[in-house]
Every structure is written in structure tokens, then in C-alpha cells.
2 protein chains.
Amino acid sequence: MTGSSGYPPFAVTVDLVILSVGEEGLEALVIERGEEPFRGELALPGGFVLEDETLDAAASRELAEETGLRERHLEQLASYGEPDRDPRMRVVTVAYLAMTPDPPALTAGTDAAAASWVPVRSLARKHLAFDHRKILRDGVDRARAKLEYTTLATAFCPREFTIAELRQVYEAIWGEELDPRNFSRKVLSTEGFVVPTDATITRGGGRPARLYRAGPASELSPPLRRPRSFARQRP
Amino acid sequence: MTGSSGYPPFAVTVDLVILSVGEEGLEALVIERGEEPFRGELALPGGFVLEDETLDAAASRELAEETGLRERHLEQLASYGEPDRDPRMRVVTVAYLAMTPDPPALTAGTDAAAASWVPVRSLARKHLAFDHRKILRDGVDRARAKLEYTTLATAFCPREFTIAELRQVYEAIWGEELDPRNFSRKVLSTEGFVVPTDATITRGGGRPARLYRAGPASELSPPLRRPRSFARQRP
DNA sequence: TAAATAGTGTCTCTAAGACACTATCAT
DNA sequence: ATGATAGTGTCTTAGAGACACTATTTA
């Protein structure tokens, strides 16, 4: 125990890594900060946890406030608490990871003067406020890993989607091309991954594709393994 | 922003799920609390994060303080911040997961009047202070999952170990028997999982077993899959 | 010797990867 | 018709599971 009140006081915030798959591949929602510190720089959306609020509730509230998104998937990512990560005071932030179908229109909130979707590829080279670059990278890594052994990819798809669209989610996040035929076979043979509807849709010429919805399964067993791009030794 | 100082003050603690594999299978280190609240109840070891301390450093310090353990593996697990999880004040705890070879002797610290290793099986039915039951369960779930796709199991083994000992780690944590011969083949054929030494050891009759050390690999690819105990339909 | 544990070889089966082939649309 | 996209079938191969068999110790 230290100090008069028995413990050092902290501020606790939540920060959100919100991902979507758009024209430019995997994109993240970032805001341009309207206040010091880091005014004018890009940052992840987030804010203080309120007095009587659960961490999950704070994340959910920030997600709604800053984007007005209908919530598809929101999970805790990790916590970050370097003593100097915020120049104003000692702050521990609990990062959350959210996914949403094709980048929706944004209802910018008070803090988020300029929220926008930015391709993750281009963010990788840019500077972000605080330690948000690392948080973003951790979020993307988590998403990449979870595609392998969960049905998470459906969270990036609208309510009804084709197998090709689901595959494009994998391809955008993994940055690898997948064989459409083998992918289709794998998805359809994994019970509960997707459930077929009666509808089909034509996206622009070619045989119409059947539409599916997300199924009840949450884990993929056996997993859908990401292609390991090794230079295989050929003796 | 709320309040005069602009944000609600929190206490931040770290709590540790410290696992080991002993006589009774998977065991966790718990302390009997010497103070209110929950005096006399079992709890996970932990404590406040200090003014100028990283979260990782706080976890590392608590691990050393409460157990004197040499650190084999320590990773952040998740954060817990229900408003009422501590009756004294608003506390967010960042839980960490640690593994150590066979339950070592304990150097009880100030707070840890009675630290002891308790089989996880028996803890599953007991009450723990705060929300530590959930934290423990999350830690065990994480460990179970990570055995599949990482070399984490070696963190439960002493510096030199036999394949049979490594297998017993898997069996204790998964609660499933594995075929010794297939397990051996899998481990030895996964490059970098273990590296052989020249030494062998006889554990009590039978052919001597070769001793290995943990190898440089950290991920298992392809994974060592946990047997799914499904009641397979036999038509 | 028997019993115990370590370790190898081999067969089978599942599932992934490669890719030919068929199906159904727009033009 | 042609080209594009959707979807099926088939061959090959990697790797998991089952388990016979060999190796080396203690009792």
C-alpha cells in the first residue's frame, strides 16, 4: 500500500480497434484528435471509463457514440499501461477489438471531429497518437489469428453474403489468395459455419451465387489454416 | 470528462494465475487472504500497480515477491473491471498468466500468509475472493488453448525433460490421454519444439529416456490438436 | 527370465491442395 | 456464341490415429 489513500490513482480508458474490409482491403477507423495531447494526429477512438460502468459497457458505448455502428463483434484485446503513455497523467487503457461489415457511414461524435476509415496497410507506416500504433498492430494480429480457428470472418460480412465475399474477407485480412473451390468446400463442410438461404445473387455476370447467413458455430475445428508462405526446400 | 479532476479515479492491480503440473495434475497457486475484504478466503496472488511501474513489471514483481519463482513464462491474460468487484473502491485488475515447472517451494511474502498449490479440479467447485474464480477459469482456458498451437508446454517442464514428461503436461492440462508413440513422433518432427541432449535418464524401470531442452520455436505449425471427445455417430 | 517404459515402423483415414470439369449468368 | 463467376469431382499428398514390433532398463 502506498500514499495516503492506500493506492496510486489511475485514469482508465477504453480504446477501440474497429476493423472492416472495404475497397482498399482491411481498414481501421481512426479519428483526428481535436485536443491536446497529440492534437491533429491520428488516434484510435476511445474515452474514459465512467464511474459506474463496466469495461465492456464503456467499449460498447464508445463504439456507438463515435460511429453509431450496429455491433457485430466486440471483444477485449489487451491492456496497455506504460507509465509515460499519456503525458497528462497515469492512464491504463483497455483496448477492444470490433468488426463490422463494409465500412459504414460515420456519425462523428463530439470527440471525433474527423473519424475516417483508413487502410491498415497505409497506417502501418504512419505515426499514431499515444501507443495506438502498437494497439492497432496487436488488434490486426489478433484478427488474423482468429480467422483460422473461429467463424469471426462472418462478422465482417453483411447479414447475407456469398462464399466469395467471405473468401474476400480472408484474403483481405491475410493478404493471401485462397483457392475459391477449396475454400468453398471447406466452409460448406464445416458444420454451423454458414447456413444457406434460398436466395441467390448475381454480382456482375457469371452464375448467380447462393446467399448464406452466419451459422451458430463459433469455432472452426479443424481450423481453416492460413497458407504458410515458406520457400520450401526442393532438393 | 467527469468530476473536478476530469476523470474518475481507479485503483489498478495485477492478479496472477500461476499454473504448474504436480502430483494432482494441474495446480494453481492461491493465497489465503489475511485482510479484509474476503479475509480467510482463497484468492489469486496480486497487488497494486505502483506509481511508476509498467503493468508487466508489476506482474513480474508480484510473481517474485509472492513466490520467489524463476520466471519461465508470464503473459497478460485479460482485464476485469466490474464496478462492484471490490467492495472498497473502483478497481480494475489486469490479470496475468504464469507457468512454472513442478510446484516449487514457496517463499510466502507479506501479503501471502498462506500461499499454497491447489489442484485446479478442486478449485473449480470452491469459492474464490473477488471475481478470481472467473479469472482462474479464463487462465486455464487460455493455457489449454495455447498448448495446441504454441510450445508453451515446455514452460511447465524443468530445464531438461523427457518426451513422456512433456506428454504428461499435455495430459494434465487437457485431461485427455495421448498416445505416447504418436505424441513422440509429433513432437520430434516439429522443428524447434525440443532439442535433444546427450543425456538419458531412467525414471524407474524400463528403457532410459532421452532428455531434451526447450527449442527455439514458439509456434506449432501445424498445431498439436487436442482430441475432440465427440460421440461419433456410427451408422 | 518377466515387467516396464522408450522408441520405430507401418497401415489407414481424414482433410488439404491442385486443378479439370460442369453450371448459369451477362453481353 | 464468349467470357465470367459459381460450384462439383477427382487425384495426390501431408499428417493424424491405431497399433505391432523392437530396444533397454529394473526386479
Side-chain angles (χ1 to χ4, degrees), chain A residues 147-149 157 160-171 174 176-191 193-212 219-235, chain B residues 147-149 157 160-171 174 176-191 193-212 219-235:
Chain A
L147 287 196
E148 289 202 51
Y149 56 93
C157 294
E160 303 200 330
F161 54 88
T162 67
I163 301 291
E165 286 164 350
L166 186 63
R167 175 170 47 81
Q168 283 151 17
V169 168
Y170 275 90
E171 292 176 336
W174 282 351
E176 310 258 7
E177 303 232 316
L178 301 176
D179 185 288
R181 299 156 295 185
N182 292 334
F183 180 84
S184 190
R185 180 156 45 84
K186 171 67 182 179
V187 170
L188 295 176
S189 70
T190 301
E191 198 172 351
F193 195 171
V194 298
V195 294
T197 68
D198 290 335
T200 59
I201 193 169
T202 303
R203 291 267 184 243
R207 173 173 168 176
R210 179 169 295 274
L211 285 168
Y212 296 84
E219 304 219 326
L220 258 39
S221 171
L224 204 165
R225 300 205 45 232
R226 180 176 177 182
R228 262 59 176 169
S229 313
F230 286 136
R232 298 280 170 89
Q233 293 280 34
R234 281 258 160 236
Chain B
L147 287 197
E148 289 202 53
Y149 55 93
C157 294
E160 303 200 330
F161 53 89
T162 67
I163 301 292
E165 287 164 350
L166 186 63
R167 176 170 47 82
Q168 283 150 17
V169 167
Y170 275 89
E171 291 176 336
W174 282 351
E176 310 257 7
E177 303 232 316
L178 301 176
D179 184 290
R181 298 156 296 184
N182 291 334
F183 181 83
S184 188
R185 181 156 45 85
K186 172 65 182 179
V187 170
L188 294 176
S189 69
T190 301
E191 198 172 351
F193 194 170
V194 298
V195 295
T197 69
D198 290 335
T200 60
I201 192 169
T202 303
R203 290 268 184 242
R207 173 175 169 176
R210 179 170 294 273
L211 285 169
Y212 296 84
E219 305 219 327
L220 258 39
S221 172
L224 204 164
R225 301 207 43 233
R226 180 176 177 183
R228 264 55 176 172
S229 314
F230 285 135
R232 299 278 171 89
Q233 293 279 34
R234 281 256 162 239

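Remember, predicted model here, so these are calculated numbers, not experimental data. Throughout, protein chains are lettered first and strands after them, A, B, ... in sequence-line order, and every chain is numbered starting at 1.
A:Asp179 contributes atom CG, which lies 8.5 Å from atom CZ of A:Arg185 (distance to the nearest 0.5 angstrom). Residue A:Tyr212 holds its OH atom at 10.5 Å from CG of A:Leu166, rounded to the nearest 0.5 Å. Between atom CG of residue B:Leu178 and atom CZ of residue B:Arg226 there is a gap of 10.5 Å, rounded to the nearest 0.5 Å. In this structure, the separation between CD1 on A:Ile201 and OG1 on A:Thr162 is 8.0 Å, given to the nearest 0.5 Å.
Ring geometry for B:Tyr170 versus B:Phe183: interplanar angle over 60°, hence perpendicular rather than tilted (30 to 60°).
Using a 4.5 Å heavy-atom threshold, the side chains of B:Gln168 and B:Phe161 count as separate. No side-chain heavy atom of B:Glu171 sits under 4.5 Å from any side-chain heavy atom of B:Pro180.
Rounded to a whole Å, the CZ atom of A:Phe161 is 20 Å from the P atom of D:dT5. Counting to the nearest Å, the P atom of C:dG7 and the CG atom of B:Leu166 are 12 Å from each other. Here C:dT24 presents its C1' atom at 6 Å from CZ of A:Arg207, a figure rounded to the nearest Å. Note: CZ (A:Arg210) to P (C:dA23) measures 16 Å, nearest angstrom. Counting to the nearest Å, the C1' atom of C:dA15 and the OH atom of A:Tyr149 are 21 Å from each other. In this structure, A:Arg203 atom CZ and C:dT27 atom P are separated by 16 Å, rounded to whole Å. At whole-Å resolution of the value, CG in A:Leu188 and P in C:dA16 are 13 Å apart. Note: CZ (A:Phe183) to C1' (C:dA15) measures 16 Å, nearest angstrom.
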- Task: Classify every nucleotide of nucleotides 11-17 of chain D by which part a protein heavy atom approaches to under 4.0 Å, writing B for the base, S for the sugar-phosphate alone and - for neither, in 5'-to-3' order.
- Result: -----SB

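Near DNA chain C, defined here as any heavy-atom distance below 4.0 Å, there are no residues from residues 193-202 of chain A.
Place B:Pro208 and A:Arg167 on DNA chain D by their nearest nucleotides, and A:Arg167 ends up nearer the 5' end.
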- Task: For the pair B:Arg225 and A:Ser221, evaluate side chain to side chain donor-acceptor pair (under 3.5 Å) and give the outcome as yes or no after the intermediate values.
- Result: CA-CA 9 Å; B:Arg225 301 207 43 233; A:Ser221 171; 2.9 Å; yes

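The environment of B:Glu160 atom CD is dense: over 12 non-hydrogen atoms of other residues, nucleotides or ligands sit within 6.0 angstrom.
Comparing C:dC21, D:dC19, D:dT5 by their closest approach to the side chain of B:Arg181 singles out D:dC19.
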